Colleague: 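Have a look at the structure that comes next, please.
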Protein chains: 2
Amino acid sequence: MKKAAATRLAILEKAFELIYAKGYQTTSIDDIIATTQVTKGAFYYHFKNKDEMGVSIINELLKPTLTGSFIAPLQNGGDPLSGIYQLMHNLLIENEFLKVEYGCPAANLTHEMTSWNADFNKALNELTEQWVKTMTDAIESGQAGGSVRRDVNARQVTLFVMAGYWGIRNFGKLEGSKEVYYAYLNELKHYLETLR
Amino acid sequence: MKKAAATRLAILEKAFELIYAKGYQTTSIDDIIATTQVTKGAFYYHFKNKDEMGVSIINELLKPTLTGSFIAPLQNGGDPLSGIYQLMHNLLIENEFLKVEYGCPAANLTHEMTSWNADFNKALNELTEQWVKTMTDAIESGQAGGSVRRDVNARQVTLFVMAGYWGIRNFGKLEGSKEVYYAYLNELKHYLETLR
DNA sequence: CCAAAAACATACTAAGTAGTATGTTTTTGG
DNA sequence: CCAAAAACATACTACTTAGTATGTTTTTGG
C-alpha cells in the first residue's frame with residue numbers, strides 16, 4: 001500500500017494545480033486524469049466522486065501547507081506585528097508557488113464552493129479558523145509581552161488583516177500585476193505600526 | 001423598440017440574480033430562460049453568446065448601480081473618511097440586496113472570470129477602476145481640505161480599504177454570518193481614524 | 001508461490017451544456 | 001393598412017460532463 005498512496009497524492013496534486021489555475025467547476029475529471037496519466041478507474045477507486053476529491057485537497061494538501069508555512073512563523077514568540085507583516089510579504093511577494101494571476105487557493109475555493117457544498121464549507125472553515133486562531137493568539141501574546149497595545153481587539157485585527165489579504169489577492173487577479181501587492185503591503189505596515 | 005429592451009433587461013436582471021447566487025459557470029442558459037420565461041430564440045436574439053451576456057451584466061447593470069449608489073456618496077465634498085466608513089457600513093449592513101451568503105457580485109465575478117475571459121476582465125477592471133478613482137479623489141480632496149493627513153498615500157489607502165471590503169465579503173460567505181462584518185467595520189473605523 | 005484483495009484500465013451511459021437552424025409572431029415606418 | 005424587419009418560439013445538434021459496469025493487472029499476506 002505504498003504505490004497506491006502515491007497515486008492518490010499525484011491525483012490530488014495535479015488536480016489542485018488545475019483547480020488553482022482554472023477553478024473547480026471548470027476543471028473536469030477528464031482534465032485531471034489526462035494530466036495525471038491515470039485512468040478513470042484509478043480516480044474513482046480513490047475518490048467516491050469529484051467533491052470528495054475536492055474536500056481531500058483542502059484537508060490533505062492545503063491544511064498541512066498552511067500549518068507548516070503560514071502558521072509556524074507566527075508561533076516563534078517574536079514580535080507578532082513584524083511577524084504578520086513578514087508573513088504577508090512572504091505570501092504575496094516571495095512565495096513562488098502562488099501566482100498573482102490565480103489569487104489565493106483558499107479564497108478561490110471559498111468563492112466558488114461556499115453555500116454550494118456543505119463539506120467544502122466545513123473544510124474551508126476549519127482551514128481558516130486555524131489561521132485566525134493562530135494570528136489572534138500571536139497578537140494576544142504580543143499584548144502580554146508589551147509589543148502590542150493592550151486596547152486593541154486581537155480577533156478584530158486578525159479579521160481585518162486576513163480580509164485585506166484575501167481582497168488584495170483578488171485585486172491582483174484583476175490587475176494581473178504585483179504592483180497592488182506592494183501598495184497593500186506599504187499600507188499594511190503603516191496600519192500595523194498604529195497597533196504598537 | 002420598447003418591449004424588446006424590456007425583454008433584454010429582464011434577461012439581464014434574472015441572469016444576474018442567478019449568477020450572484022450560484023456563480024457564472026454553474027448558471028446555465030436553460031436556467032436563465034426558465035426563470036425569465038423567455039425562450040432560447042429570444043435569448044440568442046439579444047445576446048451573441050453567454051459571455052456577451054455576462055459582460056453586458058457588468059456594463060449595463062453593475063456599472064450604473066456602482067455609479068449611483070456607491071460613488072455618488074463619496075462625491076458630496078464632506079469628510080471622506082466618514083464617507084468611506086458610512087459607505088462600507090451601508091454596503092455591508094444596510095443594503096438588503098447584497099446577501100452575506102453570496103458575497104460581493106463584482107468580487108465573485110472577478111474570482112470566477114478573470115484570466116479566463118479577457119472581456120470580463122476588461123469590464124471588471126473598468127468597474128473597479130472607477131471606484132478606486134472616486135475614493136482616491138475623495139481622500140485627496142480631504143487632504144486639501146485638511147480632514148486627512150497630508151502624508152498618507154491616497155491610492156494606497158484606497159486599495160487597502162477596498163481589499164478589506166472584498167476580503168470580508170469572502171469571509172462572510174464562509175461564516176454565513178454578518179458577525180465578521182461588524183468586527184471588520186470596528187477595525188476599519190480605528191484604522192480610518194489614524195489617517196486624520 | 002498463490003489465492004484473495006487491492007489497484008488500476010476500458011468502454012460505456014445518461015444527463016446536461018452552449019449554440020444553431022428554421023420556423024412564426026409581432027412591431028414599425030411609409 | 002401592409003410589407004419588411006424586428007422580436008420571439010421550437011426543435012434539434014454536437015459536445016462535454018460526472019459517474020458506472022465490468023473487466024484486467026498488480027500487490028500482499030499466509
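In what follows, chains carry the letters A, B, and so on, assigned in the order in which the sequence lines appear, proteins first and then strands, with residues in each chain numbered from 1. Being a predicted model, the structure only gives us computed values, none of them experimental.
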Colleague: Would you say NZ of B/Lys14 has more than 12 non-hydrogen atoms from neighbouring residues, nucleotides or ligands within 6.0 angstrom?
Modeller: no
Colleague: Given C/dT10, C/dT20, C/dT17, identify the nucleotide with an atom nearest to the side chain of B/Tyr44.
Modeller: C/dT20
Colleague: Can you find a donor-acceptor N/O pair under 3.5 angstrom joining the side chain of B/Lys50 to the base of C/dG19?
Modeller: no
Colleague: Would one find a side-chain N or O of A/His46 under 4.0 angstrom from OP1 or OP2 of C/dA6?
Modeller: no
Colleague: Between D/dA9, C/dG19, D/dT17, which nucleotide has the shortest distance from any of its atoms to the side chain of B/Thr39?
Modeller: D/dA9
Colleague: Give a yes or no on this: more than 12 heavy atoms of other residues, nucleotides or ligands lie within 6.0 Å of atom NZ of B/Lys189.
Modeller: no
Colleague: Rounded to the Å, how far apart are B/Phe47 CZ and C/dG19 P?
Modeller: 13 Å
Colleague: For A/Tyr20 and A/Phe16, take the angle between the two ring planes, folded into 0 to 90°, and tell me which bin it lands in: parallel under 30, tilted 30 to 60, perpendicular over 60.
Modeller: parallel
Colleague: Atom CD1 of A/Ile29 and atom C1' of C/dT10: how far apart are they, to the nearest Å?
Modeller: 16 Å
Colleague: Output the rounded distance in Å from CD (A/Gln37) to P (C/dA9).
Modeller: 10 Å
Colleague: In whole Å, what is the span from the CD1 atom of A/Ile11 to the C1' atom of C/dA9?
Modeller: 13 Å
Colleague: Is the distance from OP1 or OP2 of C/dG16 to the nearest side-chain N or O of B/Ser28 less than 4.0 Å?
Modeller: no
Colleague: Using purine N1 to pyrimidine N3 plus N6-O4 or O6-N4 for Watson-Crick, or N1-O2 and O6-N3 for G-U wobble, both under 3.5 Å, which nucleotide pairs with C/dA15?
Modeller: D/dT16
Colleague: Distance check needed: C/dT17 P versus B/Tyr24 OH, whole Å only.
Modeller: 13 Å
Colleague: Under 3.5 Å for both donor-acceptor distances, Watson-Crick or wobble: does C/dT27 have a partner, and if so which one?
Modeller: D/dA4
Colleague: Dump the intermediate steps for side chain to side chain contact (heavy atoms under 4.5 Å, CB included) on B/Tyr24 and B/Phe120, then the final yes or no.
Modeller: CA-CA 11 Å; B/Tyr24 180 82; B/Phe120 268 84; 3.6 Å; yes
Colleague: Quickly work out the B/Asn49 CG to C/dT20 P distance and round it to whole Å.
Modeller: 8 Å
Colleague: Between D/dG19, C/dG19, C/dT17, which one does the side chain of B/Asp30 approach most closely?
Modeller: C/dT17
Colleague: D/dT17 P sits how many Å from A/Phe43 CZ, rounded?
Modeller: 13 Å
Colleague: Is it the case that the ring center of A/Tyr191 lies less than 6.0 angstrom away from the ring center of A/Phe160?
Modeller: yes
Colleague: How many Å lie between CG on A/Asp51 and P on D/dT17, as a whole number?
Modeller: 16 Å
Colleague: From the set D/dG19, D/dC8, D/dT27, return the single nucleotide nearest to any side-chain atom of A/Lys3.
Modeller: D/dT27
